[in-house]
Protein chains: 2
Amino acid sequence: MQDEATSAPPPARARPNLAAVAALAGVSASTASLAFSGAGPVSATTRAKVLAAAEQLNYAGPDPRAQSLRRGRSGIVGVVMEDRLRDAFRDPVNIAMLDGISDELGTASLGLLLLTEPGQGGVDLSIAPMDAVILVGCSTQLDKAVVVFRQRGIPVVAIEAEPMPDVLAIDLDNRDATARAARHVRQLGHERVALVTLPLEPSHARGVLTAEREAASTAYTVRERIRGAREVFPGVTGVVASASLVEEGLIAGRELLSSADRPTAIIAQSDLLALGVIRAAEERGIRVPQDLSVVGFDGVRIEGADAYELTTLVQPSVAKGRAAGRAIVELLEGGTPAPSGFRSELRIGNTTAAAPR
Amino acid sequence: MQDEATSAPPPARARPNLAAVAALAGVSASTASLAFSGAGPVSATTRAKVLAAAEQLNYAGPDPRAQSLRRGRSGIVGVVMEDRLRDAFRDPVNIAMLDGISDELGTASLGLLLLTEPGQGGVDLSIAPMDAVILVGCSTQLDKAVVVFRQRGIPVVAIEAEPMPDVLAIDLDNRDATARAARHVRQLGHERVALVTLPLEPSHARGVLTAEREAASTAYTVRERIRGAREVFPGVTGVVASASLVEEGLIAGRELLSSADRPTAIIAQSDLLALGVIRAAEERGIRVPQDLSVVGFDGVRIEGADAYELTTLVQPSVAKGRAAGRAIVELLEGGTPAPSGFRSELRIGNTTAAAPR
DNA sequence: CTGTTAGCGCGTTCAC
DNA sequence: GTGAACGCGCTAACAG
């Protein structure tokens, strides 16, 4: 059977397609398709012929792009992160969540397309061939994108985002949890309390937490946590960090601790920020927790924070990610998963104590 | 022109397509296509008509999957990481690299599809609709996948991988750099030296570094670094960690430091491991660097390692990522970028000193 | 400026 | 078991 092939030089050097393989194998395209997909009944002989032809033509198998079109599925799930990746990945909490997501998606053989909010010059969100989308802590700026997704029939799951119509929410008790921590602080007798918040705007501007900034912000998680603190300390204010980093906590801490009547307790919106605050205190000889109580959020293990057992709100990051991934899978299978809410636990360490004097 | 449309109720509630929009707008499909893509000359009137029709039908714009097929491009670049994401992202070096990659890809409006090596139950590598692939520190187990990519004409760039045909290499001087560090250690008079290596096998098995394991391993970077150390300390051996984590360094350090004639210097293959080793020494009251010299690799800033300025090899992680991303973009534009090699710099800190006695 | 004509490469009905 | 035909939704050529 190879006689002709050897006599006539293999002509097509271009990318072969299924039809070419089928032709060389002497079968129809549909048969060849079945031979590859494994679905449907194909005789062993025929399959072997097809495979041989494929090998001869250097055919790699069905084209994923064409499959996507035909099947109406690309097998890709977009994960939209709020920040630049370099910022997002610096916080262990995000990594843990992503890990949970990827775990569930991987199980369903779904790929994970990493995207960032527009404005940072990434891919146009509505143009990528995705079957579903997970929004991670995204601002409401994504409204337009969400509309497009809905028009396309692309299911959307949002982790800790402002409730949006037709978007399945995976939520965290940011407000309640912060209120619980604040209550703990108040019970210790603290009255001069300050906040160190995560970024309020996409610009990641550092600075004082003003009423205007707060009102203008679209950062759901940040606002919820602020509100939680206000439930206990109504007028409480503080400073805004530009990212969830120890370094940023340090800067914020210096700011807060330099004033004459400095706070006796600081509620930080992440463990990294809290650790930075502690460093700032150390710099000034302010003892934690004797002179200053510090509360964090997340409950991540931070290398090098061994000296302290941070009082913090332990949130189930991986579980959150898993829930989102699971929900996506169910939605793609036509199911109707329920929104879910996760709870953070206050873990009291040795960075909070009775207010001085 | 709208008369008929208003008399007959809008029938199709199903997902509209370009043809439907064109029909309702009273233009041809190709014209409608141009109206959306913005390419080609379309009169303002026509465009408006098309857009109005689209809005009326709730049409979200061209289907990305169909565009992919037609254009032969999906706009997606796969990034294959060796480990589970949870492991990979725990090391700042990988995050930095990914950041460099995503920066360049974002500039070219390319999406980043996160994949892991098969075996961990992820997506079948050859089935995702990717335009190009970046392999990050991958083992040679990807041979088959690489063959498929080549057949498909999908360009492949590999960061720190065993050289493979038709794969553009972005390399790091793992061997030379380690040799330089080892020479520094020898100059300080050390003779009893041990290694703490990164995982040698996909299984991430912890344990002693044996000749068999080493020979069987496909972990390019790890082997290169071992070889570099051997150039200076020919018979040197040590232990294998199961991941690049402080915790793992701690375990490895305990192992190495428990023996009677313990090493006076330990060369770790990452800063995280090195920090763990230092912790192990602290546990036993072994002073660093007086009693034990420790060398790392990467030059990342680790929170909480303030007490020490680690002697380490500073590698340009972000630049590596950028180079890979840039190469991909050039390859997709039909260019032929040259392979590149990056150099690590030995940064001498205060964790190495003259050998004791 | 706009319409017509062809496919991109594949999967999926149906008949036989 | 297998083949023939059709269409997924869009866009690149040309023709007018």
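Just so it is clear: chains get the letters A, B, ... in the order the sequence lines come, proteins before strands, and each one is counted from 1. Just so you know, these numbers come straight off a predicted model, no measurement behind them.
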Quick one: side chain to side chain contact (heavy atoms under 4.5 Å, CB included) partners of B:R70, sequence neighbours excluded?
none
Reading DNA chain C 5' to 3', which nucleotide is the first, and which the last, to come under 4.0 Å of any heavy atom in chain A?
C:dG9 to C:dT12
So, with a heavy-atom separation below 4.0 Å from DNA chain C, the residues of residues 26-38 of chain B are B:G26, B:V27, B:S28, B:S30, B:T31
Identify, with sequence neighbours excluded, every residue that meets ring pair (Phe, Tyr, Trp, His ring centres under 6.0 Å) alongside A:Y220.
none
If we fit an axis to the first five pairs and another to the last five of the helix from C:dC1-D:dG16 to C:dC16-D:dG1, what angle do they make, to the nearest 10°?
30°
Whole-Å distance, A:R73 CZ to D:dC8 C1', equals 15 Å
Residues pairing under salt bridge (Lys or Arg N to Asp or Glu O under 4.0 Å) where one sits in residues 33-56 of chain A, two or more places apart or in two chains, turn out to be none
For the side chain of A:R86 and the backbone of B:L98, is there at least one donor-acceptor N/O pair under 3.5 Å apart?
no
Please name the residue in the list A:V27, A:V50, A:V42 that meets the side-chain contact (heavy atoms from CB on, under 4.5 Å) test with A:L34.
A:V42
May I ask you to decide whether B:D103 forms a salt bridge with A:R84, counting only side-chain N to carboxylate O separations under 4.0 Å?
yes
Using heavy-atom distances to pick each residue's nearest nucleotide on DNA chain C, tell me which of B:P41 and B:R71 is more 5'.
B:P41
Pairwise side-chain contact, B:R65 with B:L69, heavy-atom cut-off 4.5 Å (strictly under)
no
Test item: B:T31 and B:T46 side chains (from C-beta on) under 4.5 Å apart, heavy atoms:
yes
NA contact type, A:L69, heavy-atom cut-off 4.0 Å: base, sugar-phosphate, or nothing?
base
Closest heavy-atom pair, A:P64 versus B:S126, reported as atoms and distance to 0.1 Å, is CG-O, 4.1 Å
Worked verdict on A:M130 versus A:F149 for side chain to side chain contact (heavy atoms under 4.5 Å, CB included)
CA-CA 10 Å; A:M130 310 179 288; A:F149 295 144; 3.7 Å; yes
